[in-house]
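Report on the following structure.
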Amino acid sequence: MAGKWVRMVTAQTPTNIAVIKYWGKRDETLILPVNDSISVTLDPAHLCTTTTVAVSPSFDQDRMWLNGKEISLAGGRFQSCLKEIRSRACDVEDEEKGIKIAKKDWENLHLHIASYNNFPTAAGLASSAAGFACLVFALAKLMNAKEDQSQLSAIARQGSGSACRSLYGGFVKWIMGKDEDGRDSLAVQLADEKHWDDLVIIIAVVSSRQKETSSTSGMRETVETSLLLKHRAKEVVPKRIVQMEEAIKNRDFASFAQLTCSDSNQFHAVCLDTSPPIFYMNDTSHRIISVVEKWNRSEGVPQVAYTFDAGPNAVMIARDRKTASLLLQRLLFHFPPNAETDLNSYIIGDKSILQDAGIQGKEDVDALPPPSEIKDNIPSHKFRGDVSYFICTRPGRGPVLLSDKSQALLNPETGLPK
Ligand SMILES: Nc1ncnc2c1ncn2[C@@H]1O[C@H](COP(=O)(O)OP(=O)(O)OP(=O)(O)O)[C@@H](O)[C@H]1O
Ligand SMILES: C[C@@](O)(CCOP(=O)(O)OP(=O)(O)O)CC(=O)O
């Protein structure tokens with residue numbers, strides 16, 4: 001293994017949004033949850049992490065750069081993932097480059113890791129989920145580990161619980177497991193992204209000034225103080241998991257939406273039941289819920305599901321493209337962009353939904369009529385600037401390797417960021 005070679009692998013991994021939430025751990029170090037959860041993987045075209053991992057005998061320590069800045073790998077979560085994946089490394093031979101790494105060599109070789117999130121890291125868009133899933137997936141490829149996606153998910157879980165669900169595309173279940181060592185706490189795919197490809201997802205990134213409680217400390221406080229969480233984990237979630245699996249299997253949007261909204265609301269109720277109470281949603285979040293609830297009610301059958309993680313951003317899932325364009329009209333009516341924001345940066349991702357909604361410019365936003373369900377309730381307030389921007393996306397695929405060398409984030413000669 002001597003020489004000056006650098007071997008590297010680049011991968012791209014999606015983020016995910018839970019429709020049955022994970023909240024509460026029974027083991028903090030291994031990251032073992034108190035209930036199963038189910039998520040939808042989001043299209044990596046709009047939200048994803050790209051990670052390049054490299055190994056070389058010339059590296060003298062493990063190093064990592066996140067979005068161009070060097071970060072410490074000393075934290076327990078990074079160390080757990082690195083240790084677990086190293087212990088599964090196998091022989092690697094690259095005849096073209098004349099590289100031969102024996103299984104036992106991996107203990108002494110150091111790694112360079114560079115990662116980039118194509119969305120804001122601190123905006124509550126589950127960067128840790130895509131990030132840890134990508135790290136583990138890329139390292140497994142680099143080290144020729146023979147583990148399947150589910151076994152890799154149990155390693156990513158030790159970086160961040162929700163990360164285990166980003167090892168698959170489509171619809172994913174994290175099975176809480178029973179074993180004390182956590183080996184059976186892993187993700188499985190329920191259906192791939194093609195199974196239900198009518199769904200359209202619109203994320204409202206809500207402006208928030210307040211500092212939020214991290215998921216990790218928030219759920220610790222909930223486990224310590226909330227009686228409602230015990231009821232949720234024991235009585236409510238197990239039934240909902242069965243119903244949600246059925247709804248996904250049958251593409252039953254009415255049940256899917258009802259379960260998704262109820263579970264998000266119960267998660268936030270559990271936060272409120274924590275002492276001291278945790279508030280993740282803000283007034284804008286509540287207004288978005290009200291817009292969707294009023295519309296769903298007036299239609300008689302749910303058109304859109306909403307769900308909120310540990311922050312004020314709304315993730316809305318529309319039953320199809322037509323519904324998504326009607327939703328976007330409603331959202332833009334209530335939450336038009338600020339004077340200084342142009343429409344092109346206000347609606348990002350799949351902009352074709354905007355065209356479907358018949359909106360070409362800001363004048364079309366100003367001309368939007370009040371939605372029929374609120375017409376009798378004038379005055380209908382506008383909340384200009386309360387949403388930072390919207391991301392239009394859809395369910396998407398799981399992790400992939402990027403073989404195009406130009407997409408690598410590390411220099412192939414030096415192993416340092418490009
Ligand atoms: N691309 C990445 N690769 C590895 N780790 C990452 C990556 N992106 C984020 N992380 C890790 O995740 C941490 C951020 O996680 P945190 O849970 O605070 O925010 P979030 O996941 O963006 O939001 P939320 O969990 O509230 O949805 C970072 O400090 C870093 O440790
Ligand atoms: C509200 C959630 O998004 C909580 C996610 O929590 P994290 O996975 O970020 O927490 P740690 O395991 O402590 O890293 C719900 C969910 O994704 O299921």
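Worth saying up front: this structure is predicted, and the values here are computed from it rather than measured. Ligands are counted one by one from 1 in listed order, and the atoms in each one are counted from 1 as well.
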What atoms in ligand 2 come closer than 4.0 Å to a heavy atom of [X]?
X    : value
K25  : 11 (P), 12 (O), 13 (O)
G161 : 8 (O), 11 (P), 12 (O), 14 (O)
I31  : 12 (O)
F267 : 1 (C)
M219 : 6 (O), 10 (O)
R165 : 16 (C), 17 (O), 18 (O)
R77  : 11 (P), 13 (O), 14 (O)
A18  : 16 (C), 17 (O), 18 (O)

Under a 4.5 Å cut-off applied to non-hydrogen side-chain atoms, are [X] and [Y] in contact?
X    : Y    : value
L190 : K249 : no
L328 : I202 : yes
L332 : I347 : yes
C271 : P277 : no
Y116 : W65  : no

Which ligand 1 atoms are under 4.0 Å away from a heavy-atom of [X]?
X    : answer
M64  : 3 (N), 4 (C)
S115 : 1 (N), 2 (C), 3 (N)
G131 : 1 (N), 2 (C), 3 (N), 4 (C), 7 (C)
T49  : 1 (N)

N-O pairing of R88 and E84 below 4.0 Å: yes
- prompt: Ion pair present between R321 and D350, side-chain N to carboxylate O less than 4.0 angstrom?
  reply: yes
- request: Please determine which of T50, T51, T49 meets the side chain to side chain donor-acceptor pair (under 3.5 Å) test together with N117.
  value: T49
Do any N/O atoms on [X] end up under 3.5 angstrom from N/O atoms on ligand 2?
X    : result
N16  : no
D309 : yes
S37  : no
K21  : no
G159 : no

Any N/O of [X] closer than 3.5 Å to an N/O of ligand 1?
X    : result
T51  : no
S128 : yes
F78  : no

- request: Please confirm whether R287 makes a cation-pi placement over F383, using NZ or CZ under 6.0 Å from the six-membered ring centre and within 45° of the ring normal.
  value: yes
task: May I ask you to establish whether K382 and F335 are in a cation-pi arrangement, using a distance under 6.0 Å from NZ or CZ to the six-membered ring centre and at most 45° from the ring axis?
output: no
How close do [X] and [Y] get, heavy atom to heavy atom, and via which atoms?
X    : Y    : value
F137 : A11  : CD2-CB, 3.5 Å
D309 : Y280 : O-CB, 4.1 Å
A133 : A163 : CB-O, 3.6 Å

message: Yes or no: does L135 have any heavy atom under 4.0 Å from an atom of ligand 1?
response: no
Close approach of L66 to ligand 1, heavy atoms, under 4.0 angstrom: yes
query: Any luck finding a side-chain donor-acceptor pair between S262 and N265 under 3.5 Å?
result: no
- prompt: In terms of residue, atom name and distance, what is the protein heavy atom nearest to atom 15 (C) of ligand 2?
  reply: Y22 O, 3.3 Å
message: Using 30° and 60° as the class boundaries, would you call the ring planes of F132 and F78 parallel, tilted or perpendicular?
response: tilted
query: Applying a 4.0 Å heavy-atom criterion (strictly less than), which segment of S162 is in contact with ligand 2: side chain, backbone, both, or neither?
result: both
- request: Please work out whether any backbone atom (N, CA, C, O) or any side-chain heavy atom from C-beta onward of D309 is under 4.0 Å from ligand 1, and answer side chain, backbone, both or neither.
  value: neither
